[in-house]
Each structure stands twice: as C-alpha cells, then as structure tokens.
2 protein chains.
Amino acid sequence: MDDQADLLDLDCFLPYRLAVIAARVSKAMSVLYAEKFGISIAEWRVIAHLAGSGRVSIRDIHARVNLDKVKVSRAVSRLEEAGLVLKASNAADNRLLDITLSDEGWSVYRQIVPLASGFEADLLSALDDTERAALERVFEKLHARLDENVEAARSLYPKV
Amino acid sequence: MDDQADLLDLDCFLPYRLAVIAARVSKAMSVLYAEKFGISIAEWRVIAHLAGSGRVSIRDIHARVNLDKVKVSRAVSRLEEAGLVLKASNAADNRLLDITLSDEGWSVYRQIVPLASGFEADLLSALDDTERAALERVFEKLHARLDENVEAARSLYPKV
DNA sequence: TCATGATCATTACAAATGAAATGAATGTCA
DNA sequence: TGACATTCATTTCATTTGTAATGATCATGA
C-alpha cells in the first residue's frame, strides 16, 4: 500500500499521453499527403508556413514552425528540387534567402488544405464546445508554464 | 476575402499544436533524467513499464508502450549493458525474453519517479479542475476517433 | 576603414531510426 | 510425424537526424 505511492502509471502520465496522442494524430494526418504528394511532415510545415507568410528566410521558418534550423534547410532544399519552392537571395542581406512557394507549390498546398482541414474538423467534431475551449486554454497554460521553467533555468545559469 | 478560406493557419492547426506541445513537454521532461542517468526517452518508457509489469517480453513492451519493436529491442539492450535490466529466456517459450528491472534499475526508477511526478504535478497545477477533466475526455475521444478511422481504413482494404 | 565578432545557411560526421531480412523457436494441419 | 507457416527478437542497411564545424556575409566600434 505504500509501494503504490512510489509507482508511476505511464498510461496516466501527462508527458507520455501527450506524446502518444500527438504521434498518432501526426501519423494519421501525414497519411493524407505523404504518399500522394511525396511530402514529409517537416516539408508540409514549411509549405503551410510559406503559404501564410510571403517571402521568408530559413531562419524565419525555423523560428515560427518549431523545426530545427538544419531540418528546415534540408526540407527547403528538397522542396526546391521538387519544384514546390523557389529560393532567391535577399537583396538587402545576402546571408538570407527569400523563400517562396512556386505555382506548383501553391497548387499542392491548395490540394492539401481541404484534406488537412477535413481531418482536423473530423477530430474536433469528436469534442464538444466546452472541451474544445478547455483544450485551447490547456495549450496556452502549458506553454506559459513551460516558458516559466525556461525563465527559471535561465536565472540559474545566467548569460551563458 | 475568399482567399482566406483556402488558407490554413498552422498555429491554430490541432495536429501541429499537439506535436509542438508534446515535443516541448517531452524535452523538458527528459532534461530531468537524460543527463543525470544517461537514459533516453525510449529507455525511460521501458523502465517505467517494467516497474509496473513484472517480467515481460520485448513484444509486450512494444504493445504497451507505443514504441517500435526494434526501438524496444535496442533500448532493452542498452539498459542491459548499463546494468538496469535483466534478460532471461522464457521457460515456456524460448522465443520470448523475460525482461525485468535489476536492483539498480529499480534504484534508478525510484530516483526518477519523484522527479517525473513533480514535473507532471507542476504542469497540471497550471490547469484548473475543469480543464484537467476536459483534457482527460479529449484524450479518450481523440483516441476513439482515431480508432474509428483505423476501422474505416480496414474496411476499405480488408484482410491484407 | 578594417579587425573582430555575430549571424545565416549549409555541410560533415556520428548517432538514431525504421523497413525489410534473418535466424531461431513454436504452432498448425494433413 | 513432418512440412509449412507464424511469431519473436535481432541484425542489416539505407535514410534521417542533430551537433558541431564551415564558409560567406553583415554589424560594430576603435
């Protein structure tokens, strides 16, 4: 009876549950475009971001899309080879790239959007309004709490 | 104004949001044990499962812990090298392994549990009761919906 | 102006990953 | 019993991944 207190049930453990549901959703989602368009999850994120952001650099994408900088660089290169993305050097700063969707990139994007939206709508339709609203707040609050932890760590190891 | 309808805001897209929060939480969590005990996320999952399940095979762990079978096999091998896990062959079926935590494995587990529980409690304390309850239902309902999709796919491509 | 440091994208390299193949053990059924 | 298929764990191999350089460009300040 005191032994139980020292045990941790993985099935009820929040980090594990989040990882499992996120992996399942990502996997199910990627089935919609992976085979049909030959696009990875990282590449889809890049495309989706480009569609909403005009011409941006690798660094911009990296900062906005929660992907490693190297991963973005490679995803953009593959997309360029596939003809979905155009690279140009930034006139004002030659270190930067101006990355945009090509016509074909837009075309692919427009084909994926209804699939993605439909998939999401299907998931969300399983929830009622209060659950959707609560989930919204959960995202915000968890991020806020994680931000606090980052801040706390920063104050422990300042200015490295 | 009709253009907007075809756009998809990644920041509001459920699969993306789940992936981001799960990755952040997993990362923050793994910091607690990765460096200190030299254990990966997969290895932590194996240990946590062994602590609650007595002697089990690779296949059992694979089925219960949402990890690739090969990944489990490798995680168990590394844990055995590190002395945290014991491998024995199953008396009734020589294809199976009986995998258990060693004394040191238990020791490591007991050290990690309070860290993990504390981390989780810290996250959950950011939420109120209704949000925690809603999150619980969200997990259930999303899994149920994804199960339905699997069933639907199975009926499209039967008995392959 | 020009030396030093910062920033950006890419490359190099080692480690991790996953799909398919392998080998050993068991189940099945004529 | 014995051929054949299945199951389990591991290995193989090609690909992906992330960390740490690299090279190129820009910013800063003496």
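Just so we're on the same page: letters track the sequence lines, and every chain starts at 1.
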Looking at C:dA9, D:dC8, D:dA24, which one has an atom nearest to any side-chain atom of A:Ile58? C:dA9
Can you check the B:Leu97 CG to C:dA24 C1' distance for me, whole Å? 12 Å
Applying the side chain to side chain contact (heavy atoms under 4.5 Å, CB included) criterion to B:Val108, which one of B:Val113, B:Asp103, B:Leu84, B:Leu101 satisfies it? B:Leu84
Below the 4.0 Å mark, does D:dC26 have OP1 or OP2 next to a side-chain nitrogen or oxygen of A:Asn94? yes
Pairwise 5' ranking along DNA chain D for B:Val76 and A:Arg78, keeping only the more 5' one: B:Val76
Starting at NE2 of B:His62 and ending at C1' of D:dT7, how long is that distance when rounded to a whole Å? 12 Å
Please determine if A:Glu43 and A:Arg74 form a salt bridge, counting it only when a charged side-chain N lies under 4.0 Å from a carboxylate O. no
Whole Å only: how far is the CD1 atom of A:Ile39 from the P atom of D:dT16? 14 Å
Tell me which of B:Ala92 and A:Arg59 sits closer to the 5' end of DNA chain C, going by the nucleotide each one is nearest to. A:Arg59
Here the distance between atom P of C:dC8 and atom CG of A:Leu67, to the nearest Å, is 17 Å
If the threshold is 4.0 Å, N to carboxylate O, is there a salt bridge linking A:Arg17 and B:Glu140? no
Could you work out which one of C:dA19, C:dA25, D:dG18 sits closest to the side chain of A:Val70? D:dG18
Are the charged groups of B:Arg64 and A:Asp11 less than 4.0 angstrom apart, N to O? yes
Is it true that A:Glu81 and A:Arg78 have a side-chain N and a carboxylate O under 4.0 angstrom from each other? no
Is the distance from OP1 or OP2 of D:dA24 to the nearest side-chain N or O of A:Arg95 less than 4.0 Å? no
By a strict heavy-atom criterion of less than 4.0 Å, which residues belonging to residues 42-54 of chain B are in contact with DNA chain D? none
Looking at the side chain of A:Asp68, which of C:dA25, D:dT10, D:dT19 is the nearest nucleotide? D:dT19
Please find the pair of heavy atoms, one from B:Asp129 and one from B:Arg132, that lie closest to each other, and give the distance. OD1-NH2, 2.6 Å
Between atom CD in B:Glu81 and atom C1' in D:dT10, what is the gap in whole Å? 14 Å
Let me know, please, whether A:Lys27 or A:Leu96 comes out on the 5' side of the other along DNA chain C by nearest nucleotide. A:Leu96
B:Asp93 CG to C:dT28 P: how many Å, rounded? 12 Å
Report yes if a side-chain nitrogen or oxygen of A:Ser57 is closer than 4.0 Å to either non-bridging phosphate oxygen (OP1 or OP2) of C:dC8; otherwise report no. no
When rounded to the nearest 0.5 angstrom, what is the spacing between CZ in A:Arg110 and CG in B:Asp6? 7.0 Å
Rounding to a whole Å, what distance do you find between A:Lys69:NZ and C:dT7:P? 10 Å
Under a 4.5 Å cut-off applied to non-hydrogen side-chain atoms, are B:Tyr33 and B:Phe119 in contact? no
Under 4.0 Å from any atom of DNA chain C, heavy atoms only: list the residues of residues 82-90 of chain B that qualify, in numerical order. none
Can you see whether A:Ser125 engages B:Arg145 through a side-chain donor-acceptor pair at a distance of less than 3.5 angstrom? yes
With side-chain contact (heavy atoms from CB on, under 4.5 Å) as the test, would you mind laying out the steps for A:Asn90 and A:Asn94 before giving the verdict? CA-CA 5 Å; A:Asn90 183 295; A:Asn94 269 309; over 6 Å; no
Suppose we call a contact any N or O donor and acceptor under 3.5 Å apart; does that hold for the side chain of B:Lys71 and the base of C:dA16? no
Taking donor-acceptor contacts at under 3.5 Å, does the side chain of A:Arg74 reach the base of D:dG18? yes
For a quick test of reading the model: is some side-chain N or O of B:Ser73 closer than 4.0 Å to OP1 or OP2 of D:dA9? no
